[in-house]
Student: 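Got a structure for you, written out below as structure tokens; questions coming shortly.
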Amino acid sequence: QLLELPWRGRGPLLRGVDLCGFSDSEGRDSDFLGEMVRCLKEEVGQVHCFLLLLNSQEARVGRHIKDMLLALRSVFGDGLLRHVLLGFTRWDY
């Protein structure tokens, strides 16, 4: 899913792409990776960072997150992690 919004409601346009679909129950990660690369090249064009959202209520990073990062690294190269931002959801204040 592609979403475009102005930064803080009035600044430059930011584009976000929801890359849901990794580690699905039917094992379609390789199909998903191909579609993701096509979408990023043809529809997005340029990626400045990847925002990885983690559930703060889960004590450990699951195997599916590790597999996703390895798959992304196989596509985007070893420098990928310099462009990953971590965000945490379900954070109690």
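Counting begins at 1 with the first residue of the sequence. Model, not experiment: these values are computed from the prediction.
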Student: Hydrophobic cluster membership, with links at side-chain heavy-atom distances under 4.5 Å among I/L/V/M/F/W/Y: are Ile65 and Trp91 in one?
Tutor: yes

Student: Any idea which heavy atoms bring His83 and His48 closest together, and the distance?
Tutor: ND1-O, 3.5 Å

Student: For Leu70 and Arg63, work out which heavy atoms get closest and say how close.
Tutor: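 Answer, listing the atom of Leu70 first, then Arg63: CD1-NH2, 4.3 Å.
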
Student: How close do Arg73 and Asp78 get, heavy atom to heavy atom, and via which atoms?
Tutor: CD-OD1, 3.5 Å

Student: With sequence neighbours left out, write down each residue that passes side chain to side chain contact (heavy atoms under 4.5 Å, CB included) with Arg82, or none if nothing qualifies.
Tutor: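 Arg82: no side chain to side chain contact (heavy atoms under 4.5 Å, CB included) contacts found.
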
Student: Going hydrophobic residue to hydrophobic residue with side-chain gaps under 4.5 angstrom, can you get from Leu69 over to Leu53?
Tutor: no

Student: Quick one: closest heavy-atom pair of Leu51 and Gly87, and the distance?
Tutor: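 Smallest interatomic distance, heavy atoms only, reads CD1-N, 4.0 Å.
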
Student: First locate atom CG of Leu52, then atom CG of Leu86, and finally report the distance between them rounded to the nearest 0.5 Å.
Tutor: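 Separation between the atoms: 5.5 Å.
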
Student: For Phe88, enumerate each residue passing the ring-ring contact (aromatic ring centres under 6.0 Å, His included) test, keeping only those at least two apart in sequence or located in another chain.
Tutor: none

Student: Give the cluster check for Leu54 versus Leu72: same hydrophobic cluster or not, with ILVMFWY residues linked at side-chain heavy-atom distances below 4.5 Å.
Tutor: yes

Student: Out of curiosity, Phe76 CZ to Leu81 CG, how far, rounded to the nearest 0.5 Å?
Tutor: 12.5 Å

